[in-house]
Amino acid sequence: MEFETRAIHAGQDPEPTTGAVTVPIFATSTYAQSAPGKHAGYEYSRTDNPTRHALAEALASLEGGAGSIVTSSGMAATSLIGWSLKPGDHVVIPDDAYGGTYRFFARVLARHGIEFTAADLTTAAGLQAALRPNTEIVWTETPTNPLLRISDIAVLSEITHEAGAALVVDNTFATPYLQQPLALGADLVVHSTTKYMGGHSDVVGGAIVAADLEVLEGLKFLENATGPVAGPFDAFLVLRGIKTLGVRMDRHSFNALMVARFLAADPRVERVIYPGLPSHPHHELAARQMKGFGGMVSFIPKGGPEKAASVSMNTELFFLAESLGGVESLIEIPSAMTHMSVIGTALEVPADLVRLSVGIEHIDDLISDLDRALGSP
Ligand code: P1T
């Protein structure tokens with residue numbers, strides 16, 4: 001079955017007792033057993049829950065994995081993978097990434113003796129120089145947050161495997177509709193389902209999809225042992241979101257391209273970063289690796305950080321807020337908001353960078369909003 005069909009049907013058969021066509025919210029912590037240890041597959045909702053299970057099946061299908069784990073947030077997914085590391089292990093992370101991901105490796109795992117190197121993962125040489133004999137995980141985001149850099153998943157995967165490590169791809173910005181990291185050799189995919197997968201800015205969630213069943217079993221053990229699971233209400237919202245993922249991503253990608261072209265042609269703008277523009281340094285790779293270029297656009301207006309802040313405060317449709325991937329457009333200043341934790345590190349982002357999460361409103365209204373907010377030169 002094709003992606004759009006699996007998004008609606010995978011793991012989502014009608015409920016057997018009532019025929020409900022939508023997976024119900026199984027708001028239960030426990031399940032009656034017929035004899036001690038004898039049950040219909042569910043014993044306790046930390047271990048598994050039918051609503052969460054349906055979402056896990058659907059996500060595994062969409063990413064083409066052996067199975068998946070549905071967590072309470074994207075950071076819960078990241079930290080669950082962190083639990084699989086031990087003191088003395090080394091991780092390579094990108095030199096541009098979500099600030100919270102950096103914070104986790106630099107300020108949480110590092111305290112437990114797990115080393116990390118922030119490297120330029122847009123080139124093979126960047127990864128090769130960062131690898132060590134004790135490297136267990138290479139962690140990449142593509143496109144990155146917020147500079148929208150693209151790394152070549154197939155190339156990273158080959159080098160990572162030669163070094164005996166595992167490749168983790170944070171696929172939050174692209175989603176499985178636009179990019180399939182496991183098919184390109186990645187071992188694990190991580191998501192903040194808070195973003196495009198949920199798609200409506202009404203839930204915080206995360207997921208890990210594993211290529212290999214044995215690796216999945218190891219992570220399931222850690223899931224049950226540490227408990228970062230999503231509740232059934234949240235799993236329901238993400239399940240509802242993924243049904244429309246394909247149509248939303250097409251519209252996000254179209255609107256973002258139009259916004260990027262508008263900004264690139266505007267004399268009030270210094271620089272536009274969007275993988276769909278031929279001026280993007282990794283445009284060709286993005287065109288090869290992704291089915292579309294996604295809904296995120298970053299840009300630097302002329303006039304420095306004050307101008308950037310003023311643009312972000314003067315849009316009406318683009319709400320000034322953290323997060324991304326919802327149907328409504330958002331604007332933010334990463335250096336003062338989502339990426340405060342990387343100030344003074346290799347991941348520091350320019351203070352005048354503006355990040356847009358381009359929603360699915362009518363494109364003419366979005367462009368008028370930005371045009372007005374850019375003000376006089
Ligand atoms: O917020 P949470 O669901 O825990 O997901 C963390 C996360 C992981 N990976 C990427 C690429 C992300 O962008 C995020 C969260 N990012 C934001 C909140 C943001 O505004 O960038």
Side-chain angles (χ1 to χ4, degrees), residues 55 59 63 69-82 91 93-109 118 121 137 139-151 153 168-176 178-179 181 186 188-209 228-231 234-235 237-238 241-242 252 273 275 290 294-298 312 318-326 328-342 347 349 353-359:
L55 176 58
L59 294 178
E63 288 285 2
I69 289 172
V70 173
T71 57
S72 56
S73 68
M75 288 319 301
T78 300
S79 48
L80 189 58
I81 295 173
V91 179
I93 62 169
D95 62 2
D96 184 53
Y98 171 55
T101 302
Y102 174 81
R103 182 174 52 204
F104 177 68
F105 286 107
R107 295 181 51 196
V108 180
L109 283 193
L121 298 183
I137 285 179
W139 186 287
T140 191
E141 265 180 36
T142 181
T144 60
N145 180 0
L147 293 174
L148 305 173
R149 292 182 181 147
I150 309 290
S151 52
I153 297 170
V168 180
V169 176
D170 185 330
N171 205 25
T172 299
F173 272 33
T175 82
L178 299 181
Q179 177 170 276
L188 294 175
V189 162
V190 167
H191 276 285
S192 167
T193 57
T194 315
K195 312 296 170 1
Y196 292 103
M197 305 292 263
H200 297 76
S201 304
D202 53 9
V203 63
V204 170
I208 304 168
V209 186
V229 296
D234 290 353
L237 286 173
V238 178
I242 60 171
H252 281 296
I273 309 171
M290 301 170 74
M296 300 301 292
V297 177
S298 292
S312 76
F318 284 82
F319 299 139
L320 176 56
E322 301 198 2
S323 202
L324 58 116
E328 65 289 295
S329 294
L330 301 178
I331 187 167
E332 71 128 359
I333 305 294
S335 63
M337 297 168 67
T338 50
H339 289 70
M340 289 264 285
S341 59
V342 299
L347 283 80
V349 290
L353 186 80
V354 180
R355 189 188 78 179
L356 302 175
S357 173
V358 181

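Every number for a ligand or one of its atoms is a count from 1 in the order of the listing. Any value given below was found using the heavy atoms of this structure, including those in side chains, with hydrogens, waters and symmetry copies removed.
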Counterpart residues, ring-ring contact (aromatic ring centres under 6.0 Å, His included), relative to Phe319 (two or more places apart): none
Can you find a heavy atom in the side chain of Arg149 that is under 4.5 Å from one in the side chain of Pro143? no
Near ligand 1, which protein residues have a heavy atom under 4.0 Å away? Ser73, Gly74, Met75, Tyr98, Glu141, Asn145, Asp170, Thr172, Phe173, Ser192, Thr194, Lys195, Gly205, Glu322, Ser323, Leu324, Thr338, Arg355
With Ser151, which of Val169, Thr144, Thr140 fulfils side-chain contact (heavy atoms from CB on, under 4.5 Å)? Thr140
Donor-acceptor under 3.5 Å (Ser73 side chain, Ala76 main chain): yes
A side-chain contact here means heavy atoms from C-beta on lying under 4.5 Å apart; do Tyr98 and Thr78 qualify? no
Please walk me through it: do Glu332 and Thr338 pass side-chain hydrogen bond (donor to acceptor under 3.5 Å, both in side chains)? CA-CA 8 Å; Glu332 71 128 359; Thr338 50; 2.7 Å; yes
